[in-house]
There are 2 protein chains.
Amino acid sequence: MSRLRGARAEVVPESVRRAGGVPEATVGRLPLYLRALTPLHDQGITNVASEELAALAGVRSTQLRKDLSHLGSYGVRGVGYDVDLLAAQIAQELGLTQEWPVVIVGLGNLGRALASYGGFSGRGFRIVALVDDDPAVVGTQVEGLTVTTLADLADSGPTVAIGVIATPAPAAQAVADQLVAMGIRSILNFAPGHLTVPDEVGVRSVDLATELQILAFHEQRRLLSVSPEDPLRGGRDREVAG
Amino acid sequence: MSRLRGARAEVVPESVRRAGGVPEATVGRLPLYLRALTPLHDQGITNVASEELAALAGVRSTQLRKDLSHLGSYGVRGVGYDVDLLAAQIAQELGLTQEWPVVIVGLGNLGRALASYGGFSGRGFRIVALVDDDPAVVGTQVEGLTVTTLADLADSGPTVAIGVIATPAPAAQAVADQLVAMGIRSILNFAPGHLTVPDEVGVRSVDLATELQILAFHEQRRLLSVSPEDPLRGGRDREVAG
DNA sequence: CAGTGTGAAACTCTTCACAGCA
DNA sequence: TGCTGTGAAGAGTTTCACACTG
């Protein structure tokens, strides 16, 4: 589900790419574990067993333990994991010991929703710039930041590590090109459609229609298989990492 | 990426679950293919080769052909695929020949952004209800629909197949429970955190912080590996279906 | 002969079974 | 005794190589 997929370049096998590293599937779940640990920390709980944490994160305990083993985890046999220590370890692995500066491009409904979303600060990210190309919007204040153009950002704006694209689909590729040109190598894309970027740039795409269509597939499957001789649909607790 | 992960229930092997079906990984890519086909259709292009369509969707041509082979595809050797026929086939497989009624729960910034998003109609979905629990919002008109409460919806609202949760995190589980109680078996969750639902309910979750943290992991990895003796990062064109 | 369809191989990911330690 | 950590087995996915066909 997140899912990595090659497009260009020779394929470097995971076994080589991962020199001293963590499998991609595990990376996709580390955020879930971190998210599950936070409320435990807030409740003053200091220790948690893999079974319990796995339930909170929505995975199996063996999976959790295997994942954590890749970061050379420090669980205690017979006891469990130290909540704060584990959270710190995962945060370090994900690179959240520093704050990554983020720009949001496109201040339509979605862009504004993202800008006002609380999930950035305190989780390793800070919005440092907001960009739009509508003259009526540029210069206005949104969430305490002055909206600029992409050109202004490249020219005289703050340094940015991650670009979030929340523009209409037709503009997304051009925006991505400009973000890449100004040195950004991580892009989160909310516009539908595939972005073509150089190999060294990471892109993750979130598309509402795609998600709904996947749900529709299973919904249809369910409706069809209720009637006949086939009582197996193996329904399972479904979740997507991203 | 989208990724499926069991949590409860005995594990039904894919080979059994997929009786006459399509692998989960393939299902996750069918929407991408459909999305890539639409502009071709609009341009009046009637035929496309797997190499070209794969490039538009951001996958490899072998992957595309293998995926399509699972729906018993009707490509023509030496020629390619009929654009309209292929689009129709995929749409049918995904269950988009009918319109699925959708409810959006939570009309904060995100919920409103989703409500005004154009990606629903014409793609197999229609928003038939908007729900919020704020008395100041209930009864108002948003995007041509009158906002109701969840209780009203269960009581006297239209039938709904898919629920979209766009509430704050603390409310999400309770909302999911109520959606399930009224018979909804497909949920798209935008609130951070794991939802616990019965086996027969499908859930997909989209979480901004998770996506950003995965990007941050790779960004950090890139920064660390630029300097030393390790010139392999196997940079690849990254994309997520989910 | 260009391009699809597909078994087989390679690889990744998940689950199992159990050794090992506090 | 209880729970972690992990090699090995099993399941799923991707890629390869090439047979096949319009």
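Here the structure is a predicted model, which means the values were calculated and not measured. Every chain is numbered from 1, with letters handed out A, B, ... down the list of sequences.
Between dT14(C) and R29(A), a contact under 4.0 Å exists linking OP1 or OP2 to a side-chain N or O. Taking side-chain N and O atoms only, T62(A) has no distance below 4.0 Å to OP1 or OP2 of dC16(C).
Scanning for side-chain hydrogen bond (donor to acceptor under 3.5 Å, both in side chains) contacts around Q98(A) gives an empty result, with sequence neighbours left out. The side-chain hydrogen bond (donor to acceptor under 3.5 Å, both in side chains) test applied to R126(A) returns E99(A), not counting sequence neighbours. The side chain to side chain contact (heavy atoms under 4.5 Å, CB included) search around L56(B) returns A36(B), L40(B), not counting sequence neighbours. Among residues two or more places apart in sequence or in another chain, the side chain to side chain contact (heavy atoms under 4.5 Å, CB included) test is passed with A49(A) by none. Taking the side-chain hydrogen bond (donor to acceptor under 3.5 Å, both in side chains) definition, one finds that E219(A) meets it with R222(A), S186(B), sequence neighbours left out. In this structure D82(A) satisfies the side chain to side chain contact (heavy atoms under 4.5 Å, CB included) test together with D84(A), L85(A), sequence neighbours excluded. Listed by chain and number, the residues in a salt bridge (Lys or Arg N to Asp or Glu O under 4.0 Å) with E51(A) amount to none (sequence neighbours excluded). N47(B) pairs by the side-chain hydrogen bond (donor to acceptor under 3.5 Å, both in side chains) definition with nothing, not counting sequence neighbours.
Nearest nucleotide to the R60(B) side chain, out of dT6(D), dT15(D), dT13(D): dT15(D). Between dT4(C), dT14(C), dT14(D), one nucleotide has an atom nearer to the side chain of A49(B) than all others, and that is dT4(C). Residue S69(A) has its side chain nearest to dG5(D) when only dG5(D), dT13(D), dT4(D) are considered.
Between the CD atom of E24(A) and the P atom of dT13(D) there is a distance of 16 Å, rounded to whole Å. Rounded to whole angstrom, the span from the CG atom of L68(A) across to the P atom of dT4(D) amounts to 9 Å. We find that CD of Q63(B) is positioned 15 Å from P of dG5(C), with the value rounded to whole Å.
Of all the residues in residues 74-89 of chain A, Y74(A), G75(A), V76(A), R77(A), G78(A), V79(A), G80(A), Y81(A) reach under 4.0 Å from DNA chain D with at least one non-hydrogen atom. Residues of residues 39-48 of chain B that place a heavy atom closer than 4.0 Å to DNA chain D do not occur.
Checking each of V103(A), N189(A), L179(A), L188(A) against V164(A) for a side chain to side chain contact (heavy atoms under 4.5 Å, CB included) leaves exactly one that passes, namely L188(A).
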Filtered N/O pairs between nucleotides 7-10 of chain C and protein, under 3.5 Å:
unit_1	atom_1	unit_2	atom_2	d
dG7(C)	N7	K66(B)	NZ	3.3
dG7(C)	O6	K66(B)	NZ	3.4

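Applying the salt bridge (charged side-chain N to carboxylate O under 4.0 Å, His left out) rule to pairs touching residues 61-81 of chain A yields R29(A)-D67(A), sequence neighbours excluded.
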